[in-house]
Undergrad: 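Supplied in structure tokens, the structure appears directly below.
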Amino acid sequence: MAAGLHFHTAPPAPMARATDLLAVLYREYALLARNRVYLILGLTPMLVYLLLVNTSLSNLVRVVDYKGVSVGFAVFLLPMTLAMSVVSAAATSAMAVFQEEMSGVATQLWSYPMRRSRFLLGKMIAGVSLVLGQTLLGLAVAAVIFDLPFAPENWVGLLSALTLSALALNGLYLAAAITITDYQAFMVLSNVSMPVLVFSAPSMYTTESMPTVLQWISVVNPLTYAINGMRDAAVFGLGQAWVDLLVLAVMAVVGYTVGGRALINRARNI
């Protein structure tokens, strides 16, 4: 009598919630850490402006009147330097999207049942930590070079504004990288965007002293709110910077929402 064959099917064991997120984080940090050329290019503009431009202009212009308060020019320029670092590091972090596709890693990645939310969250955490790490390095160098007269609450305000700026700019650049399919087009965008964003914002001057056309452009410039938020938080405290911080928070939500939707469409086309 022939023995009967019995087949039992069961769904694959669910992956632990933190497992795929940790895998994405490990891969992102490895990818960013190996990209030493982009890391050096990201640090160079910030250090050049911090060591050369800030020190030179601070010797030329000692004090600037900012909202009725006399502020040292080195302190006034500090948010501009930090904002440059945020933009540069955010562009470097967004480049990883194209590196994954050109190396074939993206195809392997989406062959596994990985949650898109985990992928986006991993990119957000890795990118923001890279942005903050690079910018905090510049802030530490500035603290050594310049005598920053910040009270503890001002430091808390500055770091809070810096964190929100990193979230907002990293989200916007990540959304742009996921939406744009041409690597060269994104390279042009990232290289051109930094000087345009920096010098169309109240970086080295107050908004009132800018030409009328630049004042209009600064309203839609995300770096305006990053620079003003860090500057007001450092000089006056968080209470004076809440409007700019709220705008940055909205930008972060919009950036990651657009990036998440574009990521779904992009993954389907791989």
Side-chain angles (χ1 to χ4, degrees), residues 28 31-32 34-49 79-103 105-106 119-120 122-124 126-135 138 162 164-204 213-214 216-227 247-248 250-267 269-270:
E28 287 292 322
L31 186 62
L32 293 173
R34 291 169 187 163
N35 194 353
R36 295 182 179 88
V37 174
Y38 285 135
L39 291 176
I40 294 173
L41 291 177
L43 284 169
T44 301
M46 175 190 64
L47 294 178
V48 167
Y49 270 83
M80 177 201 72
T81 307
L82 298 179
M84 289 184 65
S85 176
V86 168
V87 171
S88 179
T92 300
S93 175
M95 289 286 184
V97 174
F98 297 96
Q99 291 175 333
E100 290 165 352
E101 292 187 352
M102 290 186 294
S103 62
V105 172
F119 179 75
L120 188 63
K123 277 196 168 295
M124 182 185 73
V128 171
S129 61
L130 169 70
V131 173
L132 282 177
Q134 181 171 307
T135 310
L162 176 60
L164 266 178
S165 300
L167 277 168
L169 270 300
N170 186 70
L172 293 177
Y173 271 89
L174 182 60
I178 295 175
T179 305
I180 298 172
T181 57
D182 187 355
Y183 173 70
Q184 292 183 339
F186 182 78
M187 282 286 293
V188 172
L189 173 67
S190 61
N191 289 329
V192 172
S193 62
M194 186 172 74
V196 172
L197 290 175
V198 169
F199 294 110
S200 63
S203 50
M204 304 174 68
V213 175
L214 286 183
W216 296 341
I217 296 175
S218 68
V219 175
V220 296
N221 184 349
L223 225 58
T224 296
Y225 304 96
I227 292 174
V247 174
L248 291 172
V250 171
M251 287 182 188
V253 172
V254 171
Y256 290 115
T257 301
V258 173
R261 291 182 178 274
L263 179 64
I264 295 174
N265 295 329
R266 192 156 180 162
N269 296 326
I270 292 178

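Not measured: the values here are computed from a predicted model.
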Undergrad: Drop me the distance from Leu82's CG to Ile227's CD1, to the nearest 0.5 angstrom.
TA: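 Output value for this atom pair is 9.5 Å.
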Undergrad: Taking only distance into account, with no hydrogens and no angle test, what donor-acceptor pairs under 3.5 Å do side-chain atoms of residues 187-202 form with protein atoms, sequence neighbours excluded?
TA:
from   : atom 1 : to     : atom 2 : distance (Å)
Ser190 : OG     : Phe186 : O      : 3.1
Ser190 : OG     : Met187 : O      : 2.9
Asn191 : ND2    : Met187 : O      : 3.1
Ser193 : OG     : Tyr173 : OH     : 2.5
Ser193 : OG     : Leu189 : O      : 2.9
Ser193 : OG     : Ser190 : O      : 3.1
Ser200 : OG     : Val196 : O      : 2.6
Ser200 : OG     : Asn221 : ND2    : 2.8

Undergrad: To the closest 0.5 Å, what do you measure between CD1 (Ile178) and OH (Tyr256)?
TA: 10.0 Å
Undergrad: Supply the atom-to-atom distance Asn170 CG to Ser129 OG, rounded to the nearest 0.5 angstrom.
TA: 9.0 Å
Undergrad: Sequence neighbours excluded, which residues qualify as side-chain contact (heavy atoms from CB on, under 4.5 Å) partners of Leu172?
TA: Pro222, Met251
Undergrad: Counting only N and O atoms by type, is there a donor-acceptor contact under 3.5 Å from the side chain of Thr224 to the main-chain atoms of Ser218?
TA: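 Indeed, once roles are kept as given, a pair shorter than 3.5 Å links the two residues.
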Undergrad: Does Leu162 form a side chain to side chain contact (heavy atoms under 4.5 Å, CB included) with Leu132? I'd like the steps, not just the answer.
TA: CA-CA 8 Å; Leu162 176 60; Leu132 282 177; 4.1 Å; yes
Undergrad: Starting at CG of Leu223, measure out to CG of Leu169 and round the result to the nearest 0.5 Å.
TA: 5.5 Å
Undergrad: What's the shortest heavy-atom distance between Val86 and Ser165, and which atoms?
TA: CG1-O, 3.8 Å
Undergrad: Mind checking whether Val253 and Val250 have side chains closer than 4.5 Å, heavy atoms only?
TA: no
